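See structure below.
Treat the numbers as computed from the prediction; the structure is a model and nothing was measured.
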Amino acid sequence: MTVAHKEASKLGQFSWALFDWANQPFFTIITTFIFAPYFANVLVGDPVKGQSAWAFTQSTSGVLIALMSPFLGAMADAGGRRKPYIFAFQLLLAAGCAGLWWAYPDRPDLIMPISWAVVAATVGAEMSIVFNNAQLPNIVRPQRMGWLSGFGWGLGYCGGLISLFIVLAVSMPSMFGLGTGDQPLFGLDPKTHELERLVGPASALWLAIFVLPMFLFTPDSAGARRQSLWVAAKQGGASLLTTVRKLGHFRNALTYLIAFMLYNDGLAAIIAFGGVYAAATFGWSTVTLGIFGIILTVFAIPGAFLGGRLDDMIGSKRTVQLAIAGVIVATLGIVGVTADRVFYVIPAEPLDPTRGLFGSLQEKTLMGFALILGFCMGPMQAASRTMIGRIAPEGMTGEFYGLFALSGRATAWMAPLAIGIVTAASGSTRIGMACVLAFLVLGFILLWSVREERAKH
């Protein structure tokens, strides 16, 4: 059955895209550039053990997301409404972020509670994204899905960029003409790492402010059926079981979901552990990590916006293929850099403790490949989101976005787990990072056989 829907207003579409802006600081300053390196290198206190601990934390949240997302997506299709689920998981995200304030240094007894706070926040973020993604086909016509998806990712990166600037300004106010000393603003104590701990509650506040327009102005879904939670759960569960039994019928969509499962896991891992790897290799401070994140995000913004346009011009599949190829090249280059070598075998001068920002050949080389990664990751993520909207059967978008989240998280625990195991076994963060290449290459190969066409019931 074809579900007719009317395009949302421009305000409704913009408010939908603003959801990415509201959620991005969690991914940018918590799971990538600021809190994750602090967790690994200060809270845990050992780069190898810290990277392993962060990896196992991410794998735990990945398993939980994989188990919940298809069922809850099917529930949303059966009940017709997505916003109640988004609201519940956004609350979980905010609570988990707020809990990071208590990540005091030199407190090994806090590692486990803080790990569970990160897990809760990650589950909240990823699950709410499932339901927000499922709104995309209902608020914009198919010919503009790629543009709106890319616009959302671009706004998200802008939000992440601004959040990094705020962290940097608070950390080094003299750099922005906000003070004359080296002390952080607001009397934050560097010795107890109050800045790194504050990014959690600050992200929760940002989320609370900027997610409101989506709830106020974006329509929930066309013809939303108002059913009780119990009825929606029963119908959603039955629908999911039927879909699982018929996955052979949706062979093209299944192939895409498996391909996405692989290449997205590789991308997520290189993003999540890039800052951890750089901090461990070069001893980067929070300020240097913040600047690194800002530069990376500056390149990601035009990549996301241009990728959305490219998606509508040449199709989602080709856009994703080009982006994956760029990420593979970037990853090969990043893991080819160590403290004393570039491109795996070329010796470089030892790191000078008095060097300037990115003042060594090693750091410049890593930055060059990181910029390629930044430019490619936006189109890769935005076009992947659009692709499932293009090939999902009519009336089953929530369920298929749930399966999309499952495929994005079903092996999401595998790449961090592989990084954790290999890092611990080899004692090398570099060898651990190289694991992500297998996921990227396998996903790239499998995507070749996918057809960009809507599945039939």
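Comment: Asp20 engages Arg385 in a salt bridge, judged by a side-chain N to carboxylate O separation of less than 4.0 angstrom. Electrostatic pairing of Glu7 and Arg141 counts as a salt bridge here, judged by a charged N lying under 4.0 Å from a carboxylate O.
For Trp284, the ring-ring contact (aromatic ring centres under 6.0 Å, His included) partners two or more places apart in sequence, or in a different chain, are Phe282, Phe292, Phe358. With sequence neighbours excluded, no residue forms a ring-ring contact (aromatic ring centres under 6.0 Å, His included) with Trp16. Residues passing the side-chain hydrogen bond (donor to acceptor under 3.5 Å, both in side chains) test with Thr423 are Gln51, sequence neighbours excluded. Tyr256 is linked by a ring-ring contact (aromatic ring centres under 6.0 Å, His included) to nothing, counting only residues two or more places apart in sequence or in another chain. Applying the side-chain hydrogen bond (donor to acceptor under 3.5 Å, both in side chains) test to Ser384 and every residue at least two apart in sequence or in another chain returns Tyr263. Residues satisfying the salt bridge (Lys or Arg N to Asp or Glu O under 4.0 Å) criterion with Glu196, sequence neighbours excluded, are absent altogether. Residues forming a side-chain hydrogen bond (donor to acceptor under 3.5 Å, both in side chains) with Gln13 (at least two apart in sequence, or on another chain): Arg144. Applying the side-chain hydrogen bond (donor to acceptor under 3.5 Å, both in side chains) rule to Thr57 yields no partners; only residues at least two apart in sequence or on another chain are considered. Considering only residues two or more places apart in sequence or on other chains, Phe305 meets the ring-ring contact (aromatic ring centres under 6.0 Å, His included) condition with Phe151.
Under the 3.5 Å distance criterion, with hydrogens and angles disregarded, a donor-acceptor pair is assigned to the side chains of Gln90 and Asn23. A side-chain donor-acceptor contact under 3.5 Å links Thr288 and Ser285. When only modelled atom types and interatomic distance are considered, Gln135 and Asn138 share no side-chain donor-acceptor pair under 3.5 Å. Side-chain contact annotation: Asp311 with Ser316, donor-acceptor N/O pair under 3.5 Å present.
In this structure a side-chain-to-backbone donor-acceptor pair under 3.5 Å is missing from Trp21 to Ser15. Formation of a donor-acceptor pair under 3.5 Å by the Ser59 side chain with backbone atoms of Phe56 is found in this model. Remark: side-chain polar atoms of Lys83 are not paired, donor with acceptor, to backbone N or O of Phe131 under 3.5 angstrom. Looking only at distances, a side-chain donor or acceptor of Arg430 sits under 3.5 Å from a matching main-chain atom of Val335. The closest donor-acceptor contact from the side chain of Thr297 to the backbone of Gly160 lies at 3.5 Å or more, if one exists at all. Listed for the Ser61 side chain is a donor-acceptor partner under 3.5 Å among the backbone atoms of Gln58.
Contact check for Ile29 versus Ser203: side-chain heavy atoms found under the 4.5 Å cut-off. A heavy-atom distance below 4.5 Å is found between the side chains of Asp220 and Pro84. Annotation: side chain of Gln381 is in contact with side chain of Tyr157 (closest heavy-atom distance under 4.5 Å). Two residues are said to be in side-chain contact when any heavy atoms from C-beta on lie closer than 4.5 Å; Leu207 and Leu93 meet this criterion. In this structure the side chain of Leu155 reaches within 4.5 angstrom of the side chain of Phe14, judged on heavy atoms.
Applying the ring pair (Phe, Tyr, Trp, His ring centres under 6.0 Å) test to pairs two or more places apart or on separate chains, those with a residue in residues 359-382 are Phe343-Phe369. Among residues at least two apart or in separate chains, salt bridge (Lys or Arg N to Asp or Glu O under 4.0 Å) pairs with a member in residues 360-375 are Arg355-Glu363.
Shortest non-hydrogen contact noted between Met377 and Ala300 is CE-CB, 3.8 Å. Looking at every heavy atom in both residues, Cys97 comes nearest to Ala204 through CB-CB, 4.1 Å. The two residues Ala120 and Leu92 come nearest to each other via the heavy atoms O-CG, 3.4 Å. The nearest pair of heavy atoms linking Phe210 to Leu18 is O-CD2, 3.7 Å. Looking at every heavy atom in both residues, Ile209 comes nearest to Pro213 through O-CD, 4.0 Å. Nearest heavy atom pair, residue Ile30 against residue Phe35, reads O-CB, 3.3 Å.
Taking OH of Tyr85 as the start and CE of Met127 as the end, the distance is 10.0 Å to the nearest 0.5 Å. Taken to the nearest 0.5 Å, the OG atom of Ser163 stands 6.0 Å off from the CH2 atom of Trp206. Atom CZ in Phe89 sits 12.0 Å away from atom CD1 in Ile129 (nearest 0.5 Å). A distance of 14.5 Å separates CD1 of Ile314 from CZ of Arg309, quoted to the nearest 0.5 Å. For the atom pair CG of Leu267 and CD1 of Ile324, the computed distance is 9.0 Å after rounding to the nearest 0.5 Å. Taken to the nearest 0.5 Å, the NZ atom of Lys317 stands 12.0 Å off from the CG atom of Leu322.
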**Request:** Check step by step if side chain to side chain contact (heavy atoms under 4.5 Å, CB included) holds for Thr338 and Gln362.
**Result:** CA-CA 7 Å; Thr338 65; Gln362 300 92 306; over 6 Å; no

**Message:** With side chain to side chain contact (heavy atoms under 4.5 Å, CB included) as the criterion, how do Val327 and Met380 come out once you've worked through the C-alpha distance, each side chain's angles and the decisive distance to 0.1 Å?
**Reply:** CA-CA 9 Å; Val327 172; Met380 185 170 165; 3.7 Å; yes

**Item:** side chain to side chain contact (heavy atoms under 4.5 Å, CB included) between Leu366 and Tyr277, intermediate numbers included
**Value:** CA-CA 11 Å; Leu366 184 139; Tyr277 176 73; 4.3 Å; yes

Donor-acceptor pairs under 3.5 Å, side chain of residues 434-451 to any protein atom, not counting sequence neighbours: which ones?
| from | atom 1 | to | atom 2 | distance (Å) |
| --- | --- | --- | --- | --- |
| Ser449 | OG | Leu446 | O | 3.1 |
| Arg451 | NE | Glu453 | OE2 | 3.0 |
| Arg451 | NH2 | Glu453 | OE2 | 3.3 |

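Around the OH atom of Tyr344, the shell of radius 6.0 Å holds more than 12 heavy atoms that belong to other residues, nucleotides or ligands. The 12-atom threshold is not exceeded at CH2 of Trp116, counting heavy atoms of other residues, nucleotides or ligands nearer than 6.0 Å.
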